[in-house]
Amino acid sequence: MTTGTTTSAATSAAAAHAAAPLLEVRDLKKHFPIYTGLFRKHTGDVKAVDGLSFDIGRTETVSLVGESGCGKTTAGRSILRLIEPTAGSAVYRGGDRAVDLFELSTGAMRERRRDLQIIFQDPFASLNPRIPVARAISEALEVHGILEGRDELDQKVAELMELVGLRPEYRNRYPHEFSGGQRQRIGIARALALKPKFIVCDEAVSALDVSIQAQVVNLLKDLQSEFDLSYLFIAHDLSVVKYISDRIAVMYLGRIVEIATAAELFENPSHPYTQALLSAVPRPEPRAKRERIILKGDVPSPIDPPSGCHFHTRCPVAKPECAQRYPDPVKLSETHSAACLLLE
Amino acid sequence: MGEQNEGRAGKRELLRLEGLKTHFHVEEGVSKAVDGVDYAILEGETLGVVGESGSGKSVTALTIMGLVPSPPGRIAAGRILFEGRDLVGLSESEMQKLRGNEIGMIFQEPMTALNPVFTVGNQIGETVRLHQGLDEIQARARSIEMLELVGIPSPHTRVDCYPHELSGGMRQRVMIAMAMACGPKLLIADEPTTALDVTIQAQILELMRGLQEERGMSILLITHDLGVVAENAHHVAVMYAGKVVEYASVEDLFERPRHPYTIGLLHSLPDLAPPGERLKTIPGIVPSAFAFPSGCRFRTRCPIATSKCAEIEPPLVPLPGEPTDTDHVHTVACHHLDEAQKL
């Protein structure tokens, strides 16, 4: 009897664990301190990421979009602890039980990184020019002691190269011998080597020409369905984001101003910043008549963000009270919320 | 830019390139970066030049400006007719009179194009002092006037700023102010908004449209962003491997693309793809400028290439049925136009 209850309790706990999001980010903050003067006095903080909360489901693609300086890259790197977050939590459920990545020791985190990988924007800058690609790809396998024998490694590298559409004969070539698109494939092969569950794609296709970009986007989608991957896709190109994402979070000055499914966001953008951002994207339709919202000025400094709603200084519909307090997120549907006083 | 159907309504040609070839003689061999480019820009119009990295679109622009370093660069053939006058073979001092005065240019990365040790006022003023003989005080007044024109707030104080004190969007505005200071007839904009965020890009493109309307200059807009071209150009030249493969009005190009490369480019845009479906791609990569394929250069990536494509290079000719009395018709370089329409 008792055993029965325990088993069923354990089963339902396991079921709940499996149904819960793969990653739950809560109140993520990353502040970079500023020191000035002879005595390096702490005079302020760059609040690059200032309270970010979102979930990423299993095999889901969530995108962070926004302009330079909005904190999207810092957010991605903080979650992987490539830079140490200032506050918050990131509960990861890829293993048998949930762990907060931010609580792990350095050693435990390193172990966990097998599951959590990143692909960078510029594959030229992220590959060592003196190391042949086969070694660049197999490095992680060796570091984690997964494969030891030369033959086994060789075979695995060949498999990975084929998987991302590179010819295994090129294994001994150096990064400069590859084109931009091919280098990005090398970056992807590297990230896949450890069979991760979650990959941060940090502007992974932004530097590529459109025909090559389409090849890499297709590859990312194929790999996602083959290996049940979850992606955090960080990008500024909204047309790629619309195509690849399940859900999209729009960031402005370190915070999420709107989050929704891709369809909801593009059909019913509700935050004035999202509306301006979407309307600014040039579309390949010469005859389309468009109402363009042109924002005035630049993004303010994250050292001293505007009071109240950070966007009020550029917002075309701001009211005096927008300068008073930061708006709470308003739920517009099960999957759609936006933080704007005009919606409250 | 407003009415876009007036390509043939009696506008004069400002610039025409005929068979332009710019080759680079380097250790590894001869790089034929620009290898037979033909296009024309009408007065007061914007010509969009699109193509992937390595297609030769920027080198073409530098050749027009006379800014290709020689050696290793050399104009191997062709003519650059600016108001009917051939710029190929002009002396450096003659080119200097044109540059900045009649033809202005802005670049992708304004930080590398601006001199960090001079104020923006200094740099804008230099152009007008050189070309129009203005003195120090007049040049400063003109600089302030130009900064105001390009929408920089409080131009009286900004004129004394150094480039690093300005944001990326502001720096691109300063570049435009410099390029516009002498009232050029042609503005060459090489990826002017590629390094900028999309809301800032919208500001800069809006500014360029306004300046064109006000001053009637022509713009050569080089970009890889088909959306930017669709919304800003009157005519479009599509470049591939050092050549123009298709030239048409912007509506024709997007609604009735005829070259397999243009069709492939438009198909690979995620904008136009239904969600959930795979993006269509162009297989392979752009060939190296040291060894272009024989015949049609696109044939190695083309889904409908035949043996004819390897043997004979297709000429850039008007589509059948287009009027031949004007040069601003839809022209395409492909042997298999009927097949291409089924793509």
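First the proteins, then the strands, lettered A, B, ... as listed; each starts at 1.
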When you measure from the side chain of [X] to the backbone of [Y], do you find a donor-acceptor pair of N or O atoms at a distance under 3.5 Å?
X	Y	answer
B/Glu231	A/Arg283	yes
A/Gln215	B/Ile282	yes
B/Asp197	A/Ser68	yes

Is it true that A/Arg287 and B/Glu255 have a side-chain N and a carboxylate O under 4.0 angstrom from each other?
->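 Salt bridge flag = yes for B/Glu255 with A/Arg287.
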Is any NZ, NE, NH1 or NH2 atom of the basic residue among B/Arg278 and A/Asp222 found under 4.0 Å from an Asp or Glu carboxylate oxygen of the other?
->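 Result for this pair is yes, salt bridge flagged.
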For A/Glu334, does the CD atom sit with more than 12 other heavy atoms under 6.0 Å from it, leaving out its own atoms?
->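 No, not enclosed.
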Between B/Ile200, B/Val286, B/Leu226, which has the largest tally of heavy atom pairs under 4.5 Å with chain A?
->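 Most pairs with chain A among the choices: B/Ile200.
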Under 4.5 Å, counting heavy-atom pairs only, tell me which of B/Asp225, B/Leu279, B/Thr281 racks up the most with chain A.
->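 Highest number of pairs under 4.5 Å: B/Leu279.
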Report the distance from atom [atom1] of [X] to atom [atom2] of [Y], rounding to the nearest 0.5 Å.
X	Y	atom1	atom2	answer
A/Ile294	B/Glu206	CD1	CD	4.0 Å
A/Lys296	B/Thr199	NZ	OG1	13.0 Å
B/Ile285	A/Phe178	CD1	CZ	10.5 Å

What closest approach, in Å, do [X] and [Y] show between heavy atoms, and which atom pair accounts for it?
X	Y	result
B/Gln201	A/Pro282	NE2-CG, 3.2 Å
B/Pro270	A/Tyr243	CB-CB, 3.8 Å
B/Asp271	A/Ser239	OD2-CB, 3.1 Å
A/Ser211	B/Glu52	OG-OE2, 2.6 Å

Residue among B/Ser53, B/Ser268, B/Ser55 satisfying side chain to side chain donor-acceptor pair (under 3.5 Å) with A/Asp209 =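 The residue from B/Ser53, B/Ser268, B/Ser55 that satisfies side chain to side chain donor-acceptor pair (under 3.5 Å) with A/Asp209 turns out to be B/Ser53.
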Side chain, backbone, both or neither: which part of A/Arg292 has a non-hydrogen atom closer than 4.5 Å to chain B?
->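 For A/Arg292, the side chain is the part near chain B, not the backbone.
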Residue part contacting chain B, namely of A/Val210, when any heavy atom lies under 4.5 Å |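 Both the backbone and the side chain of A/Val210 come within 4.5 Å of chain B.
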Examine whether an atom of B/Pro153 lies under 4.5 Å from a heavy atom of chain A, and if so say whether it belongs to the side chain, the backbone or both; otherwise answer neither.
->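 Interface part for B/Pro153: neither.
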